[in-house]
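Below is one structure, written out as structure tokens; comments come after it.
The shown structure was predicted, so the numbers you read here are calculated from the model rather than taken from an experiment. Values reported hereafter were calculated over all heavy atoms of this structure, with side chains retained and with hydrogens, waters and symmetry mates removed.
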Amino acid sequence: MKLVYFDEGTITDYLTILNNGTLLEIHDEKNESKKSASVAGNIGIAPRLSKLFSGFIGVGVDMNAQLGKSADKLIQKSITNALLSDFLSESRKQSNGLCKLENHKVFPEKNSIAYYQTISPYLVMTEGDVEISEGIRLSISKMYEALKFSKGYYEMLAFDDESLKVFRFNNNAFSNNYNVADLEQMNLSFWGFKVGTMDRDDLDFQQYMARKVNDEVLTSFHDDRSKEILDVYDIVLAGVV
């Protein structure tokens with residue numbers, strides 16, 4: 001798999017919950033897991049991943065004192081690979097709400113936060129602003145930095161032959177120098193959890209900001225907007241299989 005997006009924190013939680021609060025125990029006839037688990041424990045690694053460290057183990061040294069920055073990166077990469085392998089293995093055995101979503105084309109809704117976040121790095125070179133309400137305008141040149149810290153995830157539309165959905169991506173979970181703008185150009189397989197629904201109109205950043213600025217509280221009792229309700233999926237893994 002060519003890894004594009006990997007929400008390591010959520011996947012770690014998923015594997016831990018599946019195993020009642022601990023990662024799966026390794027059974028090794030040669031007892032190598034006992035030695036590796038002991039050393040892995042010194043650096044906070046659960047037993048399920050301890051087999052990764054047999055190649056790093058000398059004769060019982062404290063790895064915290066011996067490992068340099070390059071070795072730390074190697075271990076982190078190994079942990080990520082182990083989590084990915086375990087996650088794919090477990091997902092084939094039981095779903096527990098996990099969905100594999102294939103043949104979806106992903107794109108940002110026009111005027112959504114993801115849309116502006118995709119184009120705003122290039123708008124830094126321009127001048128001008130965007131009017132979101134009467135008397136309220138946003139500076140284009142400052143938009144990128146503001147949006148980067150405004151939300152922890154991107155909401156993208158995803159379309160297959162059956163329906164339109166919303167895929168949400170943790171903006172810190174992209175791998176191998178990919179980012180949200182690359183999703184439109186790739187044929188990816190996605191794994192995620194359905195977390196709820198939302199009105200498509202709520203993706204419109206200008207409408208969202210206008211309601212906030214004007215302090216408009218819309219409820220089901222007096223909201224006369226037409227609604228297109230879409231299923232929302234939090235994506236935990238995406239890659240080219």
Side-chain angles (χ1 to χ4, degrees), residues 1-18 23-24 48-49 51-52 55 70 72-110 112-122 144 147-148 151-196 198 200 203 230-241:
M1 170 185 283
K2 175 63 173 177
L3 196 60
V4 173
Y5 173 92
F6 184 68
D7 190 340
E8 188 169 315
T10 300
I11 286 177
T12 300
D13 291 341
Y14 172 78
L15 292 173
T16 302
I17 291 170
L18 281 184
L23 293 178
L24 295 179
R48 182 173 178 79
L49 303 180
K51 62 183 178 180
L52 291 170
S70 60
D72 288 339
K73 291 181 180 179
L74 178 59
I75 287 180
Q76 182 59 47
K77 184 67 173 178
S78 298
I79 292 172
T80 298
N81 290 341
L83 285 172
L84 175 60
S85 176
D86 290 341
F87 173 76
L88 292 174
S89 177
E90 292 298 319
S91 68
R92 296 185 191 102
K93 298 176 186 176
Q94 49 189 331
S95 64
N96 290 287
L98 179 68
C99 305
K100 185 177 181 182
L101 302 152
E102 297 184 289
N103 302 317
H104 284 76
K105 298 301 295 183
V106 177
F107 57 96
E109 175 77 313
K110 188 174 182 180
S112 67
I113 288 180
Y115 172 80
Y116 284 115
Q117 189 73 330
T118 300
I119 66 172
S120 58
Y122 308 102
Y144 176 71
L147 291 178
K148 190 164 63 174
K151 297 183 75 171
Y153 53 85
Y154 300 105
E155 293 160 328
M156 303 281 284
L157 291 176
F159 179 75
D160 64 1
D161 292 335
E162 298 180 358
S163 64
L164 188 66
K165 307 175 182 69
V166 174
F167 285 1
R168 296 201 307 189
F169 298 89
N170 182 334
N171 58 14
N172 292 319
F174 286 92
S175 300
N176 297 316
N177 294 318
Y178 289 111
N179 60 50
V180 67
D182 298 309
L183 297 177
E184 293 183 78
Q185 306 160 10
M186 308 180 77
N187 294 320
L188 301 171
S189 294
F190 302 90
W191 287 258
F193 298 91
K194 183 180 176 181
V195 295
M198 71 179 300
R200 181 174 180 176
L203 292 172
L230 306 177
D231 290 335
V232 179
Y233 292 81
D234 277 359
I235 302 301
V236 298
L237 174 66
V240 181
V241 179

Within this structure, what is the CZ-CD1 distance for the pair Phe6 and Ile235, rounded to the nearest 0.5 Å?
14.0 Å

Nearest-0.5 Å distance that lies between atom CG in Asp7 and atom CG in Asp13
9.0 Å

Report yes if the side chains of Leu3 and Val240 come closer than 4.5 Å at any heavy-atom pair, otherwise no.
no

Quick one: side-chain hydrogen bond (donor to acceptor under 3.5 Å, both in side chains) partners of Asp234, sequence neighbours excluded?
Arg168

Assess the residue pair Lys2 and Tyr178 against the criterion (side-chain contact (heavy atoms from CB on, under 4.5 Å)); give the C-alpha distance rounded to whole Å, side-chain angles, the decisive distance to 0.1 Å, and a yes or no.
CA-CA 11 Å; Lys2 175 63 173 177; Tyr178 289 111; 3.3 Å; yes

Asn171 vs Tyr153 side-chain heavy atoms within contact, under 4.5 Å:
no

Between Asp160 and Lys165, is there a side-chain heavy-atom distance shorter than 4.5 Å?
yes

Flag side-chain contact, heavy atom, 4.5 Å: Asp86 against Ile11
no

Within the 6.0 Å centroid threshold, strictly below: Tyr5 and Phe169:
yes

Take Tyr154 and Asn170, measure what side-chain contact (heavy atoms from CB on, under 4.5 Å) needs, and give me the verdict at the end.
CA-CA 7 Å; Tyr154 300 105; Asn170 182 334; over 6 Å; no

Sequence neighbours excluded, the answer for side-chain hydrogen bond (donor to acceptor under 3.5 Å, both in side chains) partners of Lys194 is Asp231

Step-by-step side-chain contact (heavy atoms from CB on, under 4.5 Å) determination, Met156 to Val166:
CA-CA 6 Å; Met156 303 281 284; Val166 174; over 6 Å; no

Can you tell me how far CD1 of Ile17 sits from OG1 of Thr12, rounded to the nearest 0.5 angstrom?
11.0 Å

Return the minimal non-hydrogen interatomic distance between Leu98 and Phe87, and the atom names on each side.
CD2-CZ, 3.6 Å

Derivation of the ring pair (Phe, Tyr, Trp, His ring centres under 6.0 Å) call for Tyr14 and Phe193
CA-CA 11 Å; Tyr14 172 78; Phe193 298 91; 5.5 Å; yes

At their closest point, which heavy atom of Phe159 faces which heavy atom of Leu164, and how far apart are they?
CB-CD1, 3.8 Å

Taking it one step at a time, do Asp161 and Asn103 satisfy side-chain contact (heavy atoms from CB on, under 4.5 Å)?
CA-CA 8 Å; Asp161 292 335; Asn103 302 317; over 6 Å; no

Min side-chain heavy-atom separation Val106-Leu157 under 4.5 Å
no

Find the distance between CG (Leu203) and CG (Leu230) and round it off to the nearest 0.5 Å.
7.5 Å

Indicate the ring-plane relationship of Tyr233 and Phe167, choosing parallel, tilted or perpendicular according to the 30° and 60° boundaries.
perpendicular

Distance-only side-chain donor-acceptor flag, Ser91 / Lys93, under 3.5 Å:
no

Show me the donor-acceptor pairs within less than 3.5 Å that the side chains of residues 181-191 make with the rest of the protein, sequence neighbours left out.
| residue | atom | partner | partner atom | Å |
| --- | --- | --- | --- | --- |
| Asp182 | OD2 | Asn179 | N | 2.9 |
| Asn187 | OD1 | Lys105 | NZ | 3.4 |
| Ser189 | OG | Glu102 | OE2 | 3.4 |

